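Along the sequence shown, the residues carry numbers beginning at 1. None of these values were measured; they are calculated from a predicted model.
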Amino acid sequence: MKSFGRRIRESIIERGFLVSAFISAASVVLISIFIFRQGLPLFASVSPVEFLFSSHWTPSDPVDPHYGILSFIVGSLYVTALSLILAIPIGVASGVFLAEMAGNRLGPILRTAVELLAGIPSVIYGLFGIYFIVPLVRAATDTSGYSVLAASLILAIMTLPTIINMTEISVRSVSHELREASYALGSTKWQTISRTLVPAASSGIITGIVLGMGRALGETMAVLLVGGNAAIMPDGLASMVRTLTMNIITDMAYAEGTHLTALFTTGVVLFIFILLLNLAVQLIVHSSAKKLGGK
């Protein structure tokens, strides 16, 4: 009887897991179908070349509307790349410090701080940017302060928890024997970290960077508050910027007809970017698993 009851419970749990997995997969499929079904009809009236490679965005013009999102694509990539340039060195260094140097007293305090940083709502980051970062940028560049630089600084802070956590986990997962072998060969602690641990954990660190990139690319509220939200091609760090997500949230309240369809198509472009990033993460993880299996 006990064996029979145990099998029943295991069967119920197994089916519950199966249903949960199916719901997750079905959600992705339904969202994909919805966004593509709503966005792709735009190309019946607007050329894909004009949409992707023109920076002329005047959808509300009653006479000659234009739907070019090149400036938003460039703005998204510009802000994301700059934020990662700022966040990667700090995030990787912090993760290595937590994994190898922080100790049992300082480590828990710093990890709590990182967790709190990850849990802060994006609108709070935006308000912080308006009242702290924007004035600094304004003073440094003699502009309004709402700019690519301000948006990048905010995104850099927001992506730090992802990079720090992934770096710490990856460095901690390196085998203890590898550390001991490095020390046995006469390496110092810094040499062991820089030449053994970080290279061994590189796949996990890169995964964290790619996930941080996805967070930065998809962020809306914080960037909207400090980026300036100008539908122009950014030409420098002090230039105002509008990203893909900013364009969608800005125009969605009043868009209709072809304008509304163009916003869904903008979502399709963003969806493809995020999909490519996720595929990159999967390839990195798969490559790392093959290397470990080969060893």
Side-chain angles (χ1 to χ4, degrees), residues 20-21 24-25 27-28 31-32 76-102 107 110-120 122 125 152-179 182 190 192-220 222-223 243-245 269-295:
S20 299
S24 300
S27 298
V28 174
I31 290 173
S32 302
S76 295
L77 298 178
Y78 200 169
V79 169
T80 301
L82 183 56
S83 68
L84 289 176
I85 290 173
L86 297 171
I88 288 172
I90 299 174
V92 173
S94 300
V96 171
F97 179 81
L98 286 173
E100 293 295 316
M101 306 175 187
L110 294 178
R111 290 187 189 93
T112 301
V114 172
E115 291 172 1
L116 289 174
L117 195 65
I120 296 175
S122 59
Y125 281 106
S152 299
L153 288 170
I154 283 294
L155 284 181
I157 296 172
M158 296 180 70
T159 56
L160 278 177
T162 301
I163 299 175
I164 292 172
N165 288 331
M166 287 299 299
T167 299
E168 181 185 3
I169 292 170
S170 300
V171 172
R172 284 183 177 275
S173 66
V174 176
S175 65
H176 185 70
E177 289 78 8
L178 197 59
R179 291 179 173 84
S182 179
W190 168 245
T192 299
I193 290 173
S194 61
R195 299 180 185 180
T196 302
L197 298 183
V198 172
S202 59
S203 61
I205 295 173
I206 294 173
T207 300
I209 292 171
V210 175
L211 291 174
M213 186 187 302
R215 169 73 189 274
L217 191 60
E219 178 55 41
T220 304
V223 181
T243 64
L244 292 169
T245 54
V269 174
L270 182 62
F271 183 85
I272 292 173
F273 280 154
I274 300 297
L275 179 63
L276 292 176
L277 287 176
N278 288 332
L279 288 175
V281 171
Q282 295 300 321
L283 289 174
I284 291 169
V285 173
H286 181 67
S287 175
S288 177
K290 285 184 67 176
K291 289 180 180 179
L292 291 175
K295 292 178 181 180

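Checked by atom type and distance alone, the side chain of S182 never pairs as donor or acceptor with a backbone atom of L178 at under 3.5 Å.
Between T243 and Y78 the shortest side-chain heavy-atom distance does not fall below 4.5 Å.
In this view, I272 and F36, V268, L276 satisfy the side chain to side chain contact (heavy atoms under 4.5 Å, CB included) rule, not counting sequence neighbours. With sequence neighbours excluded, the residues that form a side chain to side chain contact (heavy atoms under 4.5 Å, CB included) with Y125 are L117, I120, I154, I157, M158, A222. Applying the side chain to side chain contact (heavy atoms under 4.5 Å, CB included) test to V269 and every residue at least two apart in sequence or in another chain returns F51, L52, I69, I73, L244, F273. Under the side chain to side chain contact (heavy atoms under 4.5 Å, CB included) criterion, I206 pairs with V210, I284, sequence neighbours left out.
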Could you list the donor-acceptor pairs under 3.5 angstrom formed by side chains in residues 82-94, with sequence neighbours left out?
residue : atom : partner : partner atom : Å
S83     : OG   : V79     : O            : 3.2
S83     : OG   : T80     : O            : 2.7
S94     : OG   : I90     : O            : 2.7

Identify every side-chain donor-acceptor pair in residues 164-172 under 3.5 Å, counting partners at least two apart or on other chains, and give the distances.
residue : atom : partner : partner atom : Å
N165    : ND2  : P161    : O            : 3.1
T167    : OG1  : I163    : O            : 2.7
E168    : OE2  : R111    : NE           : 2.5
E168    : OE2  : R111    : NH2          : 2.9
E168    : OE2  : R172    : NE           : 3.1
S170    : OG   : M166    : O            : 2.7
R172    : NH2  : L98     : O            : 3.3

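Within the structure, salt bridge (Lys or Arg N to Asp or Glu O under 4.0 Å) pairs that include any residue of residues 78-102 comprise E100-R179 (at least two apart or interchain).
With rounding to the nearest 0.5 angstrom, the CG atom of L270 is 5.5 Å from the CG atom of L217. Going from atom CG of L160 over to atom CZ of R215 covers 11.0 Å, rounded to the nearest 0.5 Å.
Nearest heavy atoms, S32 versus V28: OG-O, 2.8 Å. When all heavy atoms are compared, the tightest approach of A216 to L155 is O-CD1, 3.7 Å. Here the closest non-hydrogen pair linking G218 and T245 is O-CG2, 3.7 Å.
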Check step by step if side-chain contact (heavy atoms from CB on, under 4.5 Å) holds for S122 and T220.
-> CA-CA 8 Å; S122 59; T220 304; over 6 Å; no
